[in-house]
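Working notes, beginning with the structure itself.
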Protein chains: 2
Amino acid sequence: MQTNYQKQTLGVLGGGQLGRMLIQSAINYNIDIHILDPDANAPCKTICQKFTQGKLTDFDTVYNFGKECDVITIEIESVNTEALEKLQEEGKKVFPQPHIIRLIQDKRTQKQFYQEHDIPTAEFVLVEDKEDVVSFKDFLPAVNKLGKDGYDGRGVQILRDESDFDKAFDSQGLLEKLVDFETEIAVIVSRNERGELFAYPPVACAFHPTANLVEFLFAPANIPVAISERAVAIAQNVIEKLDMVGLLAVEMFVTKTGEVLVNEIAPRPHNSGHHTIEANFTSQFEQHLRSVLNMPLGDTTLRMPAAMVNLLGEDGHEGDAIIEGLDEVLTQKGVYVHLYGKKITKPFRKMGHVTILEENIEELKIKALRIKNLIKIKAEA
Amino acid sequence: MQTNYQKQTLGVLGGGQLGRMLIQSAINYNIDIHILDPDANAPCKTICQKFTQGKLTDFDTVYNFGKECDVITIEIESVNTEALEKLQEEGKKVFPQPHIIRLIQDKRTQKQFYQEHDIPTAEFVLVEDKEDVVSFKDFLPAVNKLGKDGYDGRGVQILRDESDFDKAFDSQGLLEKLVDFETEIAVIVSRNERGELFAYPPVACAFHPTANLVEFLFAPANIPVAISERAVAIAQNVIEKLDMVGLLAVEMFVTKTGEVLVNEIAPRPHNSGHHTIEANFTSQFEQHLRSVLNMPLGDTTLRMPAAMVNLLGEDGHEGDAIIEGLDEVLTQKGVYVHLYGKKITKPFRKMGHVTILEENIEELKIKALRIKNLIKIKAEA
């Protein structure tokens, strides 16, 4: 059997850090990458074979971009799925499949999907507007989520009691019972057209208290084997029920009573898999390529325990980014810095991440915390 | 202390596979890479921030290219060192330093340098032409090497007895006693302006019988600790005696009597270090960046035993490259394929490499051989 992946052109909707790390993997296979992104200075701009500046939500822009590619994939969900469906009808490979992207774009249909397929998830009600939210006071404490366009922590609001109702969104969304969780974990699964299905070991995520972004990640997650196995089974079940080809990140809650509930899913490389670049035998970016190009999937075993720290723009800093503490960090063994090529920093903007490898789990936690405190992304004076 | 490597522009003379893998590392630090290469389709062309097509040996071309960069380095030795010296005089950082590149360009001055600094190396005599070589019949068996422009196995000729004299080069070079070696090993060392000096563990290289190119590499080298330590000490001594900043690959012979002799050196990332991308805590490409940009050097410890197989174009095949056996290889755990983005294959052309990670050394050898036999780079029918 002869294969020659270098003859393929892969179109990616979105040219941010996920596309950037995808390109670092694609270089190993001579895969031509075309990028579409609205930002003229997108992180992928200078390292892809073709860059097109344009709106990801515009039908013609996405359609015309995709026509020049053999396979089309995404690094962000808010894209024009009608254009992707037309491309698919015309014989292009589009993974994840457009109807799955559309289902995931709306947290309402996402939740309904879990319900229909008996996938464990927190109890919820759909809401049309703020007035509607207020009518569900018996449902509190709850999380009010926007149906669409929530991203990087935006579009999520915790409503502990009625005094929080003024924070409620005045648009279509849902109200989800606030889960009293023990740990937040994530499992990344991938599937190719051959039907191969591989799962990464569960990781534990610690979120930033105010920004609602992953701040720390630990692999493996410190959870009982039985819960780990259930989490993997749930993630595998989700991608199979979706009949999806590609890479899927499944974020889950482990409750104090040991339940595993699906929180949200993302059909693309995900922040909870950045450590796999150095910590696992196959990185999530290479796995994403392998799945959408129908290559054999790679081994997902963890080579070494790892922590991941997101480098978020310091609060109160906006402007040309300057990195503090990089030297101190680079002197340490098993520490990997990934900067995302963003010239301008903003409060809590994802500017990069650091992965730390360390066999001793306690030492790993100490190192991760030390590094988080060492590196600061500020704006030049 | 504040550092911001992303403000640096690194110029690289040469845009082949070494530059390509260097760029994959540079992306993590937002370093702008400018590439100069004579080939309009060089492997680096579409993934660097600026690509200039031009002769590496032309003074004006190299000088004008370097003027736009903050730091200039190389991925091939045959470059115009006068232009690099002028850039250095004008305040540019040029690593490795131009006079060191010039010394290494000529195998004659390389050998004289070892002699002057008591660096163990095979006995040799300088020769001016073929006639001169023939006059040294008592020196046989020997290796006749061209002084300049030998590359990837070219410019080296073994003369076992007088019947081989017709194969001798009719130009300036040297005649080196044929070493009856047990193993060929390599040690990569690096040094930054701060004076930090790090060495990688020795690796063993197996060369292709006819092409005189590295065919297999094993890390760590299966040699006694005492010899391993001597090899590292010799490599460290070479880079210190050169007072070089950058990355230096030192190829050595281990003789049947346990001597360690320096064969050749290369002041840049080297084929004998490709496995470090997955097998060591810091890859040789990141280490090269760190050394020339005066960043702290990274830990060189081997994470896992590794083998590297070069993917050479099949003999008798020239044209559009097609890869056989890739699928079978990709199903295996701990196997990493690196293709170099070369559309056209030629006999023995370096088209890529595969790294194999495996704790069990015997299994590692079996896997490496299996993979070498599985993957073939041929020309499309």
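Order of the sequence lines sets the chain letters (A, B, ...), proteins ahead of strands, with each chain counted from 1.
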Of B:Glu196, B:Lys333, B:Lys376, B:Glu286, the largest count of non-hydrogen pairs under 4.5 angstrom with chain A goes to B:Lys333

Could you measure the distance from the CZ atom of A:Arg303 to the CZ atom of B:Arg303? Nearest 0.5 Å is fine. 3.5 Å

Output for pair (A:Glu278 CD, B:Phe281 CZ), nearest 0.5 Å, gives 11.0 Å

Within the structure provided, determine whether B:Leu326 and A:Met295 are in side-chain contact (heavy-atom separation under 4.5 Å). no

Going from NZ on B:Lys45 to CD on A:Gln49, what distance comes out if it is rounded to the nearest 0.5 angstrom? 11.5 Å

For A:Lys346, does the NZ atom have more than 12 heavy-atom neighbours from other residues, nucleotides or ligands under 6.0 Å away? no

Minimum side-chain heavy-atom gap A:Ile47-B:Ile27 below 4.5 Å: yes

A:Tyr336 versus chain B, heavy atoms under 4.5 Å apart: side chain, backbone, both or neither? side chain

I'd like to know if the side chain of A:Asn30 and the backbone of B:Gly341 have a donor-acceptor N/O pair within less than 3.5 Å. yes

Taking B:Arg290 for its side chain and A:Leu330 for its backbone only, find out whether a donor-acceptor pair lies under 3.5 Å. yes

Let me know if A:Asn28 has heavy atoms under 4.5 Å from chain B in its side chain, its backbone, both or neither. both

More than 12 non-hydrogen atoms from neighbouring residues, nucleotides or ligands closer than 6.0 Å to NZ on B:Lys93, yes or no? no

Give, as side chain, backbone, both or neither, the part of A:Leu357 having an atom under 4.5 angstrom from any heavy atom of chain B. side chain

